[in-house]
Novice: 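Quick one: structure below, then a few questions.
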Number of protein chains: 2
Amino acid sequence: MPVARPRQPVLSRQRIVEVATAILDKEGLDALSTRRLAQELGVRAPSLYNHFATKDAILDAVADAIIAQVDLRMFGKGEWAVALTEWARTYRRALAAHPNAVPFLAHGPALRPAALALADAVYGALVEAGWPPSYATRIGAAMRYFVAGSSLGSFALGFPDDPSVYAQRYPNLRDAHRLRGRHRQVDDGAFELGLATLVRGFETLYAQVVDAR
Amino acid sequence: MPVARPRQPVLSRQRIVEVATAILDKEGLDALSTRRLAQELGVRAPSLYNHFATKDAILDAVADAIIAQVDLRMFGKGEWAVALTEWARTYRRALAAHPNAVPFLAHGPALRPAALALADAVYGALVEAGWPPSYATRIGAAMRYFVAGSSLGSFALGFPDDPSVYAQRYPNLRDAHRLRGRHRQVDDGAFELGLATLVRGFETLYAQVVDAR
DNA sequence: TCCCTAAACTAACAGCGTCAGCTTTTGTAC
DNA sequence: GTACAAAAGCTGACGCTGTTAGTTTAGGGA
């Protein structure tokens with residue numbers, strides 16, 4: 001039987017964030033209500049407000065925790081282009097591990113601490129490598145665009161696997177019904193192709209902008 | 001005074017979608033409730049269900065209408081690389097015109113008709129230009145990743161304009177407080193840099209894969 | 001003219017985020 | 001050691017949400 005105030009706190013910000021993330025991953029954003037979250041924590045919904053001001057603040061903390069898991073240790077050692085490539089893969093993996101979170105990761109500008117730490121590492125490494133600040137900013141932004149977009153949802157799963165859909169209206173897509181079956185391969189392939197293209201392009205630009213300085 | 005059934009239908013799917021889009025653009029996703037939408041339409045909320053099965057279906061129709069506005073006429077005339085570049089700009093503009101819609105544009109796989117028409121046009125143009133199907137798929141996907149990511153929310157607006165935030169914790173970002181002021185320029189610059197890099201890289205690849213065939 | 005369907009309505013449901021106020025425990029100050 | 005404030009649970013309630021059931025009335029076809 002629950003007591004007015006327990007001998008030891010039942011909740012903590014960290015535990016709330018963990019359980020919220022678990023519900024989000026398992027059952028999606030719609031299943032994540034304050035009452036549901038509280039139940040999973042062995043508590044009633046209003047108790048959450050002793051630890052977070054609003055439900056949005058909880059979601060914000062979940063978002064921050066996800067971004068905080070992105071490894072940044074590849075920066076500062078080795079070639080900038082190699083580090084950038086590795087980082088993009090790690091970043092994508094972290095987002096793809098929590099696909100239900102992506103819609104609200106997208107939501108507001110990322111003013112969260114982990115997002116700033118991430119930007120700091122990328123920008124710092126590029127400037128350190130010799131890139132002028134204006135290039136470092138745009139390269140970091142362009143990479144974020146690409147990674148975020150690729151985590152937003154599968155490209156291949158966007159296509160129904162019923163061939164009859166395409167026959168009349170979308171003749172060029174006549175083989176698109178096969179994409180669903182190997183969506184992992186298609187999405188990964190597109191990501192790697194885009195990533196390699198971007199990084200190789202930036203290397204060419206580096207030779208013109210930095211080496212020729 | 002409202003009547004049980006009006007002489008002439010008050011609602012239509014199109015009118016509902018238009019007003020929903022207007023509310024979404026002006027006041028955001030949270031403001032778009034069925035009662036609010038109905039009020040704006042001069043009607044009570046349950047009447048909407050004579051035209052759409054659920055609220056999600058309305059949002060889906062809004063998403064489809066937005067994607068349908070993307071001009072596709074540049075395909076099939078002129079160089080594929082030029083068309084691809086123009087299309088990416090148009091696509092981004094269409095998404096950026098409705099930033100509050102992006103979170104749920106991202107949500108589900110894009111099984112909507114307008115999204116299929118878009119994919120059909122891009123893929124068709126690439127194959128027509130000589131790209132092998134597997135490349136055309138991945139190029140189309142990579143472009144969508146980049147454009148979607150760049151519309152998801154401003155990169156530059158993600159940085160607080162208070163310099164003191166950065167001093168201790170994010171030393172590399174010491175000048176980031178200036179990004180907010182010229183966010184348009186920064187975001188556009190990053191988009192154009194990434195776009196040019198991708199397209200130029202694909203042109204190089206084309207020379208290897210297609211011309212040398 | 002009769003009847004079915006379309007398209008509006010009212011009333012109501014459960015579930016949502018959140019707040020006010022209550023209770024009990026804990027930690028600190030004297 | 002006792003008073004007292006803060007912390008961290010609780011109950012009950014608010015207005016809002018998406019949605020359903022059932023009602024009413026107009027329009028169109030037989």
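Owing to the predicted nature of the structure, the values given are computational and were not obtained by experimental measurement.
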Novice: Looking only at N and O atoms, is any donor in the side chain of Arg5(B) or the base of dT25(D) less than 3.5 Å from an acceptor on the other one?
Specialist: no
Novice: Could you verify whether a donor N or O on one side chain and an acceptor N or O on the other, from His98(A) and Asp25(A), lie under 3.5 Å apart?
Specialist: yes
Novice: Where do Asp162(A) and Ser164(A) land on the side chain to side chain donor-acceptor pair (under 3.5 Å) test, with the steps shown first?
Specialist: CA-CA 6 Å; Asp162(A) 173 9; Ser164(A) 72; 2.9 Å; yes
Novice: Rounded to the nearest Å, what distance is computed from the CG atom of residue Asp30(B) to the C1' atom of nucleotide dG18(D)?
Specialist: 15 Å
Novice: Under 4.0 Å between a side-chain nitrogen and a carboxylate oxygen: does that hold for Arg89(B) and Glu192(B)?
Specialist: yes
Novice: Quick check on the helix from dT1(C)-dA30(D) to dC30(C)-dG1(D): what's the angle between its two end axes, five base pairs per end, to the nearest 10°?
Specialist: 0°
Novice: Send over the distance from Leu48(A) CG to dG9(D) C1', rounded to a whole Å.
Specialist: 11 Å
Novice: Take atom CD1 of Ile23(A) and atom P of dC16(C), then tell me their distance rounded to the nearest Å.
Specialist: 11 Å
Novice: Below 3.5 Å is the cut-off: list the nitrogen or oxygen pairs between protein and nucleotides 19-22 of chain D, distance only.
Specialist:
from	atom 1	to	atom 2	distance (Å)
dT19(D)	OP2	Tyr49(B)	OH	2.5
dT19(D)	OP2	Lys55(B)	N	2.7
dT19(D)	O5'	Tyr49(B)	OH	3.2

Novice: Establish, with yes or no, whether the OP1 or OP2 oxygen of dA8(C) is under 4.0 angstrom from a side-chain nitrogen or oxygen of His51(B).
Specialist: yes
Novice: Leu59(B) CG to dT17(D) P: how many Å, rounded?
Specialist: 14 Å
Novice: Rounded to whole Å, how long is the line connecting atom CG of Leu41(B) with atom C1' of dC9(C)?
Specialist: 16 Å
Novice: Can you check whether Arg44(A) has a side-chain N or O nearer than 4.0 Å to OP1 or OP2 of dG9(D)?
Specialist: no
Novice: I need the Leu32(A) CG to Lys26(A) NZ distance, nearest 0.5 Å.
Specialist: 12.0 Å
Novice: Can you tell me whether the side chain of Asn50(A) and the base of dA7(D) have a donor-acceptor pair closer than 3.5 Å?
Specialist: no
Novice: For Pro6(A) and for Arg36(A), find the nucleotide of DNA chain C with the closest heavy atom, then tell me which residue's nucleotide is more 5'.
Specialist: Arg36(A)
Novice: Under 6.0 Å between ring centres, would you say that holds for Tyr135(B) and Phe202(B)?
Specialist: no
Novice: Regarding Leu32(B), tell me which of base, sugar-phosphate or nothing describes its non-hydrogen contacts under 4.0 Å with the strands shown.
Specialist: sugar-phosphate
Novice: With a cut-off of 6.0 Å (strictly less than), are more than 12 heavy atoms of other residues, nucleotides or ligands near CZ of Arg15(A)?
Specialist: yes
Novice: Salt bridge check, Asp188(A) against Arg92(A): does any charged N sit closer than 4.0 Å to a carboxylate O?
Specialist: yes
Novice: Would you indicate, yes or no, if dA8(D) has its OP1 or OP2 atom less than 4.0 angstrom from a side-chain nitrogen or oxygen of Ser47(A)?
Specialist: no
Novice: Look at atom CZ of Arg200(A) and say whether more than 12 heavy atoms of other residues, nucleotides or ligands are closer to it than 6.0 Å.
Specialist: no
Novice: For the base of dA26(D), is there a side-chain donor-acceptor partner from Arg7(B) under 3.5 Å away?
Specialist: no
Novice: Could you give me the CA-CA distance, side-chain angles and deciding distance for Asp187(A) and Tyr145(B), then say whether side chain to side chain donor-acceptor pair (under 3.5 Å) is met?
Specialist: CA-CA 10 Å; Asp187(A) 287 327; Tyr145(B) 292 164; 3.0 Å; yes
Novice: Once you round it to whole Å, what is the distance between P of dT18(C) and CG of Leu37(A)?
Specialist: 12 Å
Novice: Report the distance from atom CD1 of Ile16(B) to atom P of dA7(C), rounded to the nearest whole Å.
Specialist: 10 Å
Novice: Flag this pair as yes if the NZ/CZ of Arg180(B) is under 6.0 angstrom from the six-membered ring centre of Phe159(B) and inside a 45 degree cone about the axis; otherwise no.
Specialist: no
